[in-house]
Amino acid sequence: MSTQTLRAHARWMAALTPGEEDRVISSIAVQHVAAGSNIVRKGDAAEHWIGVLSGLVKLSSSSPDGRATTFTGVPPGGWFGEGSLLKRELRKYDAVSLSDCSIALLPRASFEWLLDSSIPFNRYLLVQLNERLSQFIGMVEYERLLDPDARMARCIADLFNPTLYPGIGPELPISQSELALLVGVSRQRANQSLQTLERAGLLAVGYGGIRVLDLPGLRRHGL
DNA sequence: TCATTAAATTGTT
DNA sequence: AACAATTTAATGA
């Protein structure tokens, strides 16, 4: 993995000085994981800040009786896991690869060094945390107020958040059962929603994935 | 390259 | 939850 590829998927590095960037890059380990792997497990010690370089990762949890729910998907360019690092606690959620992925692991020591030394890095984190907060407040809002079709539209649109995930293409390689987990509906209902959104011209459904055609339209759908 | 097969996913009931 | 149809990936002739 070239440092150029790494930079392209770690937008926060642009805010660092060349010296800081060199030091941080040399501490990062890149790992390839097969589809369906647990990247982090609930209860693990948090030792890294994790970036998605390719593929798709989901942040999820399962209830004691085995039911699963997904909080959000993380496409390439997204970095997650700062919460447990900041609070020095065990991981609170699972992170599972939905496809073959390459991921970047920034060690806790580098993360804390950046927190202590770089104001631009702190600003980046602040913006990311704020963006996530409004995303999750939005999720609670439309979970309670909107019909399943509109919830599907918003969930998909959230995966294309330009602040959190800059520069991802219109293709989203995710199965309908994974989208169902993400939205919190049955796979059958997810299938119906996707067909409705396709008829509305907002996206195209394909085998094992979707293509977004009208992102603003998805954000507006159901208002 | 093509045909066969298994596995995954989709669409419907 | 179950079923059939479709798509993909893998295998070997």
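Below, each value reflects all heavy atoms present in this structure, side chains not excepted, and no hydrogens, waters or symmetry copies. Residue numbers start from 1 in every chain, and the chains themselves are labelled A, B, ... in the order their sequence lines are given, proteins ahead of strands.
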Under 4.0 Å protein heavy-atom contact, by nucleotide of nucleotides 6-13 of chain B - B base, S sugar-phosphate only: --BSBBBB
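Geometrically, A/Arg23 engages A/Trp113 in a cation-pi contact, judged by NZ or CZ lying under 6.0 Å from the ring centre and within 45° of the ring axis.
At a cut-off of 3.5 Å, with distance as the only test, no side-chain donor of A/Ser60 or A/Asp94 sits close to an acceptor on the other residue. When only modelled atom types and interatomic distance are considered, A/Ser84 and A/Lys92 share no side-chain donor-acceptor pair under 3.5 Å.
Listed by first and then second residue, the side chain to side chain donor-acceptor pair (under 3.5 Å) pairs that reach into residues 209-223 of chain A are A/Glu171-A/Arg211, sequence neighbours excluded.
With sequence neighbours left out, A/Ser27 forms a side-chain hydrogen bond (donor to acceptor under 3.5 Å, both in side chains) with A/Ser110. Partners of A/Glu131 according to the side-chain hydrogen bond (donor to acceptor under 3.5 Å, both in side chains) rule, which considers only residues two or more places apart in sequence or in another chain, are A/Asn161. Residues satisfying the side chain to side chain contact (heavy atoms under 4.5 Å, CB included) criterion with A/Gln31, sequence neighbours excluded, are A/Val33, A/Ile103, A/Leu105.
Across the helix from B/dT1-C/dA13 to B/dT13-C/dA1, the helix axis at one end is tilted relative to the axis at the other end by 10° (nearest 10 degrees, each axis from five pairs).
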